[in-house]
Amino acid sequence: MKIYGSSLSPYVRKALVVAAELGLEVQNVPTPPGSTDPEFREASPFGKIPGLRDGDLTLCDSSAISVYLDALHPDGGLIPADPADRARVVWFDEFADTILFDAGAKMFFNRIVAPKFLKIEGDLAMADKAEHELLPPILDWLESVVSASGFLVADRLTLADISVASPFVNLMHLGIPVNSARHPALADYVGRMVQRPAFAGLIAKEQAFLARFA
Ligand SMILES: N[C@@H](CCC(=O)N[C@@H](CS)C(=O)NCC(=O)O)C(=O)O
């Protein structure tokens with residue numbers, strides 16, 4: 001099974017961590033967003049990463065890919081069957097992909113992707129506004145919902161945790177750790193999530209890659 005994309009994208013990282021947590025073997029095919037490679041475009045017609053190929057199946061979108069990977073697991077490991085838990089997992093996944101990474105993308109694109117990879121000037125005013133105006137209320141809300149169990153839903157690891165933790169890795173790359181004085185529960189939660197081997201292995205590779213562009 002192949003997953004196309006770069007794990008610097010929180011969406012690709014999410015799909016790769018989901019696969020690893022489920023014990024599924026996948027080959028990550030490094031692919032930049034917008035690549036015109038026909039094999040990739042068959043999986044992701046609009047050029048967004050990640051894409052997936054499993055035999056005859058091609059698929060894109062990290063949430064669709066995560067649902068597929070989870071369904072391959074005999075016990076459906078990361079998406080609970082209980083209706084309320086299942087719906088809450090979908091909400092956290094949606095929140096992470098849109099609200100949380102909407103703020104994160106404005107920082108990551110303008111401070112890292114634009115200047116380092118595209119060699120163009122990023123919109124630093126947009127990045128600053130995202131950091132100082134968009135992000136704080138999002139972190140305040142997360143602080144209020146992180147549970148004492150250390151997981152967001154059902155007191156165990158679910159897709160919700162992987163989806164929500166993934167954009168925080170982009171914030172780490174930006175040098176914006178969760179402030180443990182203002183958001184102690186969230187800082188602890190994110191710290192534990194990114195130490196899981198499935199995240200840690202990817203993060204080490206991403207840091208080594210980014211260091212080459214320092
Ligand atoms: N909802 C999609 C979002 C995927 C996405 O927007 N990926 C970005 C990279 S972080 C991308 O490929 N952008 C290129 C583009 O929009 O053309 C998912 O969850 O996979």
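Count residues from 1 along the sequence. First listed ligand is number 1; within each ligand, the first listed atom is number 1.
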What atoms of ligand 1 come closer than 4.0 angstrom to any heavy atom of [X]?
{"X": "Asp97", "value": "19 (O)"}
{"X": "Ser9", "value": "9 (C), 10 (S)"}
{"X": "Pro50", "value": "20 (O)"}

Between [X] and [Y] (salt bridge meaning N to carboxylate O under 4.0 Å), is one present in this structure?
{"X": "Asp93", "Y": "Lys14", "answer": "yes"}
{"X": "Lys106", "Y": "Glu133", "answer": "no"}
{"X": "Asp82", "Y": "Arg86", "answer": "no"}
{"X": "Asp140", "Y": "Arg182", "answer": "yes"}

Exercise. Which of these, Arg13, Lys14, Lys48, has its nearest heavy atom closest to atom 15 (C) of ligand 1?
Worked result: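 Considering heavy atoms of Arg13, Lys14, Lys48, the nearest to atom 15 (C) of ligand 1 sits in Lys48.
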Exercise. Evaluating non-hydrogen atoms only, which member of Ala15, Ser6, Pro33 is closest to atom 14 (C) of ligand 1?
Worked result: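 Shortest heavy-atom distance from atom 14 (C) of ligand 1: Pro33.
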For this session: Count the heavy atoms of every other residue, nucleotide or ligand shown that sit under 6.0 Å from CZ of Phe213, and state whether that count exceeds 12.
Result: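 Yes, the 6.0 Å shell around CZ holds more than 12 heavy atoms from other groups.
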For this session: Would you mind checking which non-hydrogen protein atom is closest to atom 19 (O) of ligand 1, with the distance to 0.1 Å?
Result: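 The protein heavy atom lying closest is Ser62 OG, 2.6 Å.
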Exercise. Any N/O of Ile49 closer than 3.5 Å to an N/O of ligand 1?
Worked result: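 In this structure, Ile49 places an N or O atom under 3.5 Å from an N or O of ligand 1.
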Problem set entry | Under 3.5 Å: N/O of Asp61 near N/O of ligand 1 |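 So ligand 1 has an N or O lying under 3.5 Å from an N or O of Asp61.
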Exercise. Looking at CZ of Phe46 and CG of Asp61, how far apart are the two atoms once the value is rounded to the nearest 0.5 Å?
Worked result: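 That separation rounds to 12.0 Å.
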